[in-house]
**Q** 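Pasting a structure below so you can have a look.
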Amino acid sequence: MSDARSAPLYCPYCGEEDLRPSEAGHGAWECHACARVFTVKFTGLLSTGVAR
């Protein structure tokens, strides 16, 4: 398994793609379109599979 992380492709608030890593902490991103800072965190997997 790799330690590399994927960057978010768009801001979850405004949908713009002008994102840059933030100094606010690990996983934090700055959106330069709406001036918000947000974090991306993997919480876990569901204990049961998702029905299709």
Side-chain angles (χ1 to χ4, degrees):
M1 191 178 279
S2 173
D3 286 338
R5 300 289 187 246
S6 296
L9 300 176
Y10 58 89
C11 174
Y13 298 99
C14 70
E16 291 294 325
E17 299 176 353
D18 189 10
L19 302 177
R20 298 181 188 143
S22 175
E23 295 180 4
H26 180 73
W29 292 86
E30 299 173 356
C31 176
H32 286 246
C34 68
R36 287 187 168 107
V37 176
F38 60 93
T39 60
V40 177
K41 178 181 175 185
F42 177 74
T43 304
L45 299 172
L46 295 173
S47 61
T48 60
V50 177
R52 292 184 189 203

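Just so we're clear, the structure is a prediction, and the values are computed from it rather than from any experiment.
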**Q** Leu19, Tyr13: one ILVMFWY side-chain cluster at the under-4.5 Å cut-off?
**A** yes
**Q** Rounded to the nearest 0.5 Å, what separation is found between the SG atom of Cys34 and the CD atom of Glu16?
**A** 8.5 Å
**Q** Minimum heavy-atom separation for Ala28 and Val37, please, with both atom names.
**A** CB-CG1, 4.4 Å
**Q** What's the shortest heavy-atom distance between Glu30 and Glu23, and which atoms?
**A** OE2-N, 4.3 Å
**Q** So, for Pro8 and Trp29, which heavy atoms are closest and what is the spacing to 0.1 Å?
**A** CD-CE2, 3.3 Å
